[in-house]
Amino acid sequence: MDEDGEAQAGEARRARWTAAGTGGLLSLAGLGAALLRLTGSAPVLVPAAYALGAAVCALAALLGFGGRTRRALWLLIAGTMVMALGDQFD
C-alpha cells in the first residue's frame with residue numbers, strides 16, 4: 001500500500017471511530033435525559049422524543065462503526081433534532 005492509501009485508510013478509520021463514539025455518547029445522553037424527564041412532571045411526549053432520538057443515535061453509532069459514516073452523520077443530525085424537538089414540548 002502506498003503512502004496515499006495508508007493516509008486514506010487512517011482517515012477512514014478515524015471517521016468510523018468518531019461516528020461510533022459520537023453516536024454512543026449522544027445515545028447515552030438521550031437515554032439519561034429520557035429517564036430524568038420520565039421521573040419528572042414532563043408530558044409523555046418529552047421522554048419519548050429523547051428515547052427515540054437516542055435510538056436513532058445508537059443506530060448511527062452502529063452504522064458508523066460499520067463504515068457507513070455519511071449515513072451515520074445524517075442519522076446523528078436527525079437524532080439530535082428529534083431530541084431538541086422533544087425538549088421544546090417541555
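Predicted model, so just to flag it, every value in this text is computed and none were measured.
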- Any salt bridge (Lys or Arg N to Asp or Glu O under 4.0 Å) involving residues 25-35? Give me the pairs, sequence neighbours left out, ordered by first then second residue. none

- Identify the two heavy atoms, one from L76 and one from A19, that lie closest to each other, and give their separation to 0.1 Å. CD1-O, 4.2 Å

- Query: Hey, what else clusters with M83 if you join Ile, Leu, Val, Met, Phe, Trp, Tyr whenever side-chain heavy atoms sit under 4.5 Å?
  - Reply: L45, V46, Y50, L85, F89

- Taking atom CG of L26 and atom OG1 of T80, what is their separation to the nearest 0.5 Å? 4.5 Å

- Item | Heavy-atom closest pair, residues A60 and A72 | O-CB, 3.3 Å

- Hphob cluster co-occupancy, F65 + L62, side-chain heavy atoms under 4.5 angstrom: no

- Message: Between S27 (side chain only) and G24 (backbone N and O only), is there a donor and an acceptor less than 3.5 Å apart?
- Response: yes

- Note on the structure: Here the pair of heavy atoms bringing G86 nearest to A49 is CA-CB, 3.4 Å

Identify each donor-acceptor pair in which a side-chain atom of residues 7-16 lies under 3.5 Å from a protein atom, sequence neighbours left out, and give them as a table.
none

- Minimum heavy-atom distance A54-L31, with the two atoms named: CB-N, 3.8 Å

- Query: Do you reckon W74 sits in the same ILVMFWY cluster as M81, going by side-chain contacts under 4.5 Å, direct or chained?
  - Reply: yes

